[in-house]
Structures are given as C-alpha cells and as structure tokens.
> 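Have a look at this one.
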Amino acid sequence: MGKNNKDVLKSVNYNMEIIKKIKENQPFTIDEKNKMLNAYTGISKDNNSYFTPFEICNFIKQLLDIRKGKVADLSGGIGNMIRPFIKEYGKLDDGIQFDCFELDENNSLVGSTA
C-alpha cells in the first residue's frame, strides 16, 4: 500500500531536516547515520526516487557469489548496494573495493554522510 498525503509530508519533512543538518555541518552519531540509511527516502525534484531494498541488494551479492574484488554501483542512491559488503560500520568486507556514484545532490549528501 502506498503512502497517503500525511505520510508523504512527514517523509519530505524528515528528508529536508536531514539535508539541512548535513549542510550546516552538524555532527551525527553512528545511530543517527544508521537511521539515515534505514529511513531516508528520496526527495528528487520529481519526488520519484526509488532505492533498491537492502534484501534485493543482499540477494544480488549472494546470487553472484561476490566475495572479493571491485564492485561499482553507478546509480548508488544512498548506498544500499554497499550494505551487504559491510563487515562493521565504516569497514568493508576484506578483499572488497566499492565505488559508488550518485548524481542527485541530496541523495549523494545523505549517502556519503551515512
């Protein structure tokens, strides 16, 4: 079931607050950064961003049996494709190099912050 107008408004307000805090260089705790990764939704100009769910990203990693090497996500959003390759917060699995690119300025800001 989709979001109703109230839910969309809450989501947009949450996203705008995150962007505002990032641009003001406010510090974030690891818990806040994890919340950004889990709760952030796109606020592209057309309000039509779609982030591939973590479960799908994890399935891709398992399906392709990626254990080492270079991985690139050319439309990285907030980095969901990276998440299956994280050993612990801030560290990738041994043997993995990950390049993530995102053209949407807000998504890129949140992804690089989180």
> CD/Glu102 to CG/Leu109 distance, rounded to the nearest 0.5 angstrom?
11.0 Å
> Apply side chain to side chain contact (heavy atoms under 4.5 Å, CB included) to residues Val110 and Ile18 and explain how you reach the verdict.
CA-CA 8 Å; Val110 174; Ile18 292 294; 3.8 Å; yes
> Please give me the minimum heavy-atom distance between Arg67 and Asp65, naming the atom from each residue.
NE-OD1, 2.8 Å
> Do side-chain atoms of Asp104 reach the backbone of Asn107 as a donor and acceptor pair under 3.5 angstrom?
yes
> Does Asn25 have any side chain to side chain donor-acceptor pair (under 3.5 Å) partners at least two apart in sequence or in another chain, and if so, which?
none
> Could you list all the ring-ring contact (aromatic ring centres under 6.0 Å, His included) pairs where at least one residue sits in residues 55-94, not counting sequence neighbours?
Phe85-Phe98
> Using a 6.0 Å cut-off, check whether atom NZ of Lys61 has over 12 heavy atoms from anything other than its own residue.
yes
> On a heavy-atom basis, which atom in Cys100 and which in Gly76 lie closest, and how many Å separate them?
SG-CA, 3.5 Å
> Might you confirm whether atom CD of Glu24 has over 12 heavy atoms from other residues, nucleotides or ligands at distances under 6.0 Å?
yes
> Which residue, Met81, Arg83, Gln62, forms the side chain to side chain contact (heavy atoms under 4.5 Å, CB included) with Cys57?
Met81
> Only counting residues at least two apart or in another chain, list the ones meeting salt bridge (Lys or Arg N to Asp or Glu O under 4.0 Å) with Lys20.
none
> Side chains of Met36 and Ile78: closer than 4.5 Å at any heavy-atom pair?
no
> Nearest 0.5 Å please: distance from the OG1 atom of Thr113 over to the CD1 atom of Ile22.
3.5 Å
> How would you list, by chain and number, every residue that makes a side chain to side chain donor-acceptor pair (under 3.5 Å) with Lys87, sequence neighbours excluded?
Asp94
> Drop me the distance from Gln26's CD to Glu17's CD, to the nearest 0.5 angstrom.
9.0 Å
> Mind checking side chain to side chain contact (heavy atoms under 4.5 Å, CB included) for Leu64 and listing every partner two or more places apart, or none if nothing turns up?
Ile60, Ile66
> Out of curiosity, Thr52 OG1 to Asn80 CG, how far, rounded to the nearest 0.5 Å?
7.0 Å
> Measure the shortest side-chain to side-chain distance between Ile82 and Leu92 over non-hydrogen atoms and say whether it is less than 4.5 angstrom.
yes
> Suppose we screen for side chain to side chain contact (heavy atoms under 4.5 Å, CB included). Which residues come up paired with Pro27, at least two apart in sequence or across chains?
none
> Is the number of heavy atoms from other residues, nucleotides or ligands within 6.0 Å of NZ (Lys33) greater than 12?
yes
